[in-house]
Peer 1: 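Below is a structure I'd like to ask you about.
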Amino acid sequence: MRSRYRARLAQPVRLAGGRVEPVAALTRLGKALGLGSDEREPAEESSAPLEAASAERSGHDDESAHPAPASEPPVEEPAEEPTRYNFVVVANRLPVDFTVKADGTMDWKRAPGGLVTALQPVMQDADGAWVGWSGAADLEQEPFDAAGMRLIPVTLSAHEIAEYYEGFSNDTLWPLYHDVVAVPAYHREWWTAYRKINQRFAEAAAAVVEQGGTVWVQDYQLQLVPKMVRELRPDVRIGFFDHIPFPPVELFSQLPWRRHIVEGLLGADLLGFQRQGDAANFLRAVRKLTKNTTRGSLISMKNSDGTPARRTVRAESFPISIDSARFNAMAKSRKVQARAKEIRKELGNPTVIMLGVDRLDYTKGIIHRTKAFGELCREHRIDVSRTCLVQIASPSRENVAAYQELRDEVELLCGRINGEFGEFGHQPIHYRHHGYPAEEMAALYLAADVMLVTSLRDGMNLVAKEYVAARSDERGVLVLSEFTGAADELGWGPLLVNPHDIDGLKDSMVSAARMSEREQRRRMRRLRSKVGTDDVAKWSATFLDALDARPAPRRRAIPAEAGEGAGREPVSKEGAAKDAAAKDGTTKDGVAESSKDAVKEVAKDVTKDAAPPANTASKDAGKNKYTGTGKDAGSGKGSGKDKDSDRSSQKATP
């Protein structure tokens, strides 16, 4: 699989008049079509030192290196073509965290997380680049190398973060995709920002991926990027992985821009989801909201006039996992094991320690488990003096009102229970509102007798797998919500619960606290075998193998209209001009009107692309797991116009 992603020299895009920087060509085409016309062109990368590259971008040469007569302006050297990469990951965040040193300079360290762990070795082998946001507002950073990867920052302003990230991504999509646990807010200006930022990410990726390369887009913040990349670079393979649930079509249909999201995702060749149910939900949405048909996990794409587009998209489940070997080794270290004993001692050496580890998010069921624990104390079903609950709630999206309210509610509930049942030198709940490094988390996992993962809805929940991987002693009990992706994978090893059923949750917590060591070992051995075998490396390899097996896209000079991106022959300059001129006016996604003259001017510079390579792709890896009927599940079809809601938010009924 990885041999396809080995480094090789990038091939420039040939335009009329010779070899021209393709970034500029793409940007001019985008401006002509009204796509991101007010944005900066993607920063080009040079093999020269940063000072020389900066001088070239500013239009001035280094005088010491290129002396020029004082009476004549310096002659600009032609810009070097940017390095291209065979494998490009596009994610909302870069895989590093930036910090400011005391002297004001920027520093970085690798960000924790399974995605970085999974993709870093692939990218190192494949000459890969990672496109993402730095996490800070208005931070303009040149592309740089870190941890064996080329990182290409995308700059976001404070206003864009508020509307694209905190607004549409986390106050519209997040609650909607998690079964409307909270009420989604539908704002048209948020949607406009989301579309605009997705275009910026797509242009950055299209500018650096080499001909015939691979682009892998990650998660719900960038659902429009696959289609946008395909329009800019129809020669590349495109994958998309959704890390969160995909909602049932009955809930998804609330979204005014539902059809645009589906069409954006269908720009990919392969769509990955955490659970089979998520993939099935997406396939139903495709049948209801588009003219495309499905058969099993394959989607047959159609043109705008309903004719076959000679392109298929595969939607399948690829459950993500963790670096289980790393967690296992960490938990076996003397340092971590000694720290686990210290934690128990600091807590007063209780008989039973229950542990919850979550981002402070309303989907995690923190309120439900805390309420259940309080009732167990009140009913004397647990010995309060010998039992405690440790709740780690790392800060999350603190600028979103729903998260601020959740924090107040959690802290009020914990304080009330401690006030009622606490004693001098002992309190039943130990609540911490901050994160911990990986070694401290491994020690907490080792110290805990019962792990409570009671999410109301979760794509996977990797905390459950981390707990299992850390328990090399084959002790401990996992209480796991049946509404997590992990519940589908881990089978009968954990105690499965419905977190909405407080009485059932309480019974499972008591059973876990009283479970015999023999039963603990029997369950934990099964869990550890599963987590150890299906690790994060297997996840990434399985997805990329499946993506590599998809038919190679046919190459063409000018992107086709949405839904026609593959299977068309290269077009002539005259044909390209006609296609571009036909796009004049508002596009399907509501992009601003473009000028016919501008489009024709761009088309004049475009020649036929190279002949498409022979298709040597293998058949789809794996068997189809779905048995879709191929018929529309509903009568609603996309109308081709935004169905904007004038309400700032609306109540949703699951």
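Sequential numbering from 1 along the given sequence is applied to the chain's residues.
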Peer 1: What distance do K465 atom NZ and D534 atom CG have between them, rounded to the nearest 0.5 Å?
Peer 2: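 Rounded to the nearest 0.5 Å, the NZ-CG separation comes to 7.0 Å.
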Peer 1: Any side-chain heavy-atom pair from L224 and W257 closer than 4.5 angstrom?
Peer 2: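 No, every pair of side-chain atoms sits at 4.5 Å or beyond.
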Peer 1: I need the R314 CZ to L283 CG distance, nearest 0.5 Å.
Peer 2: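 Atom-to-atom, R314:CZ and L283:CG are 11.5 Å apart.
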Peer 1: Please check if any side-chain donor atom of R200 sits under 3.5 Å from a side-chain acceptor atom of T155, or the reverse.
Peer 2: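 The criterion, which ignores hydrogens and geometry beyond distance, is not satisfied for T155 and R200.
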Peer 1: Using side-chain heavy atoms (C-beta onward) and a distance below 4.5 Å, is Y194 in contact with Q223?
Peer 2: yes
Peer 1: Can you list the steps and then say if W174 with Y220 is a ring-ring contact (aromatic ring centres under 6.0 Å, His included)?
Peer 2: CA-CA 8 Å; W174 181 267; Y220 67 103; 5.7 Å; yes
Peer 1: State, with a plain yes or no, whether a side-chain heavy atom of P143 is found less than 4.5 Å away from one of R150.
Peer 2: yes
Peer 1: Any heavy-atom pair between the side chains of R550 and V313 that's under 4.5 Å?
Peer 2: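 Of all side-chain heavy-atom pairs linking R550 with V313, none is under 4.5 Å.
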Peer 1: Looking only at heavy atoms, which two atoms of A285 and F252 are closest? And how far apart?
Peer 2: CB-CD2, 4.3 Å
Peer 1: Can you tell me how far apart CZ (R233) and CD (E203) are? Round to the nearest 0.5 Å.
Peer 2: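 Output value for this atom pair is 13.0 Å.
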Peer 1: Could you tell me whether the side chain of T172 and the main chain of S169 form a donor-acceptor pair under 3.5 Å?
Peer 2: no
Peer 1: Quick one: closest heavy-atom pair of I152 and A129, and the distance?
Peer 2: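 In this case the closest contact between I152 and A129 is CD1-CB, 4.0 Å.
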Peer 1: Report the C-alpha separation of F318 and F273 in whole Å, then their side-chain angles, then the decisive distance to 0.1 Å, and conclude whether the ring-ring contact (aromatic ring centres under 6.0 Å, His included) test is met.
Peer 2: CA-CA 6 Å; F318 295 87; F273 298 90; 9.3 Å; no
Peer 1: Show, in sequence, the C-alpha distance, side-chain angles and deciding distance for L232 and Q199, and conclude whether the side chain to side chain contact (heavy atoms under 4.5 Å, CB included) test is met.
Peer 2: CA-CA 10 Å; L232 293 170; Q199 184 68 38; 4.1 Å; yes
Peer 1: Compare every heavy atom of P95 with every heavy atom of M149, then report the nearest pair and how far apart it is.
Peer 2: CE-CG, 3.8 Å
Peer 1: Run the side chain to side chain contact (heavy atoms under 4.5 Å, CB included) test on H260 and K227 for me, step by step, so that the C-alpha distance in whole Å, both residues' side-chain angles and the decisive distance to 0.1 Å come before the verdict.
Peer 2: CA-CA 10 Å; H260 302 296; K227 177 184 176 183; over 6 Å; no
Peer 1: Taking only residues two or more places apart in sequence or in another chain, which ones pass ring-ring contact (aromatic ring centres under 6.0 Å, His included) with Y164?
Peer 2: none
Peer 1: Hey, mind stepping through D171 and E166 against side chain to side chain contact (heavy atoms under 4.5 Å, CB included) and telling me if it holds?
Peer 2: CA-CA 6 Å; D171 213 4; E166 296 173 355; over 6 Å; no
Peer 1: Could you check whether F168 and W191 have their ring centres less than 6.0 Å apart?
Peer 2: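 Yes - the distance between ring centres of W191 and F168 falls below the 6.0 Å cut-off.
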Peer 1: Working to the nearest 0.5 angstrom, can you tell me the gap between Q211 CD and D235 CG?
Peer 2: 4.5 Å
Peer 1: Under the ring-ring contact (aromatic ring centres under 6.0 Å, His included) definition, can you give me all pairs with a residue in residues 120-142, not counting sequence neighbours?
Peer 2: W133-Y165
Peer 1: Are L544 and W216 close enough that some pair of their side-chain heavy atoms sits under 4.5 Å apart?
Peer 2: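 The answer is yes; the side chains approach within 4.5 Å.
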Peer 1: What pair of heavy atoms forms the shortest contact from N303 to A309, and how long is it?
Peer 2: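 Minimum heavy-atom separation between N303 and A309: OD1-CB, 3.2 Å.
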Peer 1: P153 and side-chain contact (heavy atoms from CB on, under 4.5 Å): which partner among V96, L139, L94, V131?
Peer 2: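 Testing each of V96, L139, L94, V131 against P153, the sole residue satisfying side-chain contact (heavy atoms from CB on, under 4.5 Å) is L94.
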Peer 1: Could you tell me which residues satisfy side chain to side chain donor-acceptor pair (under 3.5 Å) with S396, sequence neighbours excluded, listed by chain and number?
Peer 2: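 With sequence neighbours excluded, S396 shows a side chain to side chain donor-acceptor pair (under 3.5 Å) to R359, given in chain and number order.
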Peer 1: Tell me, do T293 and K302 make a side-chain contact under 4.5 Å, heavy atoms counted?
Peer 2: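 A side-chain contact under 4.5 Å exists here.
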Peer 1: Closest approach of Q274 and I320, non-hydrogen atoms and distance?
Peer 2: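 Scanning both residues, the minimum pair turns out to be OE1-N, 3.1 Å.
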Peer 1: Minimum heavy-atom separation for A315 to F282, with atom names?
Peer 2: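 Residues A315 and F282, closest heavy atoms: CB-CD2, 4.1 Å.
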Peer 1: Could you tell me whether the side chain of D219 reaches within less than 4.5 Å of the side chain of N92, counting heavy atoms only?
Peer 2: no
Peer 1: For the OG atom of S134 and the CG atom of L151, what is their distance to the nearest 0.5 Å?
Peer 2: 11.0 Å
Peer 1: With side chain to side chain contact (heavy atoms under 4.5 Å, CB included) as the criterion, how do D269 and R311 come out once you've worked through the C-alpha distance, each side chain's angles and the decisive distance to 0.1 Å?
Peer 2: CA-CA 9 Å; D269 298 291; R311 185 171 78 89; 4.1 Å; yes
Peer 1: Parallel, tilted or perpendicular: which one describes the rings of F241 and F543, with boundaries at 30° and 60°?
Peer 2: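 Perpendicular, since the angle between the ring planes exceeds 60°.
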Peer 1: Could you tell me if the side chain of I244 sits less than 4.5 Å from the side chain of D278, heavy atoms only?
Peer 2: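 Of all side-chain heavy-atom pairs linking I244 with D278, none is under 4.5 Å.
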Peer 1: Rounded at 0.5 Å granularity, tell me how far CG in D323 sits from CG in L462.
Peer 2: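 So the gap between those two atoms works out to 11.5 Å.
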